[in-house]
Structure formats: C-alpha cells, structure tokens
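Keep in mind that what you see is a predicted model, and the values were worked out from it rather than measured.
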Amino acid sequence: FVLQLPPGFAATELPPNVRVEMEGAVVATAEFTASPGSVTVKRRLTLTAGRFDQGLHPRIRDAFRAFASVRERVITVEQP
C-alpha cells in the first residue's frame, strides 16, 4: 500500500525491512521505501507448503506474529 503524505512533508525515518523465514513452511517480508510525497509499504506472506506437521505449529504461529507486528512499526514524517 502507499501512504500519501501531506504537501510539504517527507519521511525522515523508516522501519528496517523485515524477512521472517521458516524453511519449508512460511516466508514473510515487509519492505518500506520513501519517495517524494509518499511511503510505500510492501508486505508479502508466502506459505511454502499446504499442510504442516503439528509439531511446527508453534513456530509457524511465531512467524505469523512477527509478520503481524510490522503493522506496529513507526514511520516518522516531518515538514522540512
């Protein structure tokens, strides 16, 4: 998604990009990029298998939680 900034504002600080990978189960990424007048956030969640062993469920849950936490990241914008 793209966040349109108010006129005269610029992103001065972006969160670090995120990659969470659990081999054979889940790959989750989030990328933050600033352009004049906007910030683009790209989130991608890929399930690399259709079924998972029950023993993997706690690790998969943790990967999903890490991915969901991206929504709590702070983007700082200022009017120069």
Side-chain angles (χ1 to χ4, degrees):
F1 60 92
V2 178
L3 302 170
Q4 296 297 328
L5 303 178
F9 281 77
T12 57
E13 188 174 337
L14 297 175
N17 292 335
V18 175
R19 180 176 177 88
V20 177
E21 185 170 356
M22 194 182 124
E23 188 175 328
V26 178
V27 178
T29 60
E31 298 175 3
F32 303 86
T33 54
S35 300
S38 67
V39 174
T40 301
V41 180
K42 294 181 182 178
R43 299 185 329 157
R44 177 172 289 167
L45 178 65
T46 305
L47 301 177
T48 56
R51 298 181 73 148
F52 307 102
D53 290 333
Q54 187 174 0
L56 293 177
H57 288 188
R59 292 179 54 209
I60 294 169
R61 180 197 60 225
D62 292 344
F64 276 98
R65 286 182 177 163
F67 183 67
S69 73
V70 168
R71 289 181 274 169
E72 300 169 5
R73 305 289 171 105
V74 174
I75 297 170
T76 304
V77 298
E78 295 179 353
Q79 190 172 23

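- Shown here for Thr48 and Val26, the closest heavy-atom pair between the two residues is OG1-N, 3.7 Å.
- Of all heavy-atom pairs between His57 and Asp53, the closest is CD2-O, 3.4 Å.
- For Arg61, the CZ atom is densely surrounded, since the number of other residues' heavy atoms within 6.0 Å is greater than 12.
- Of all the heavy atoms in Pro15 and Arg73, the pair that sits closest is CG-CB, 3.5 Å.
- When hydrophobic side chains of Ile, Leu, Val, Met, Phe, Trp and Tyr are connected at separations under 4.5 Å, Val20 ends up clustered with Phe1, Leu3, Leu5, Phe9, Leu14, Val18, Phe32, Val39, Val41, Val70, Ile75, Val77.
- Residue pairs that meet the side-chain hydrogen bond (donor to acceptor under 3.5 Å, both in side chains) test with at least one member in residues 1-22, sequence neighbours left out, are Arg19-Glu21.
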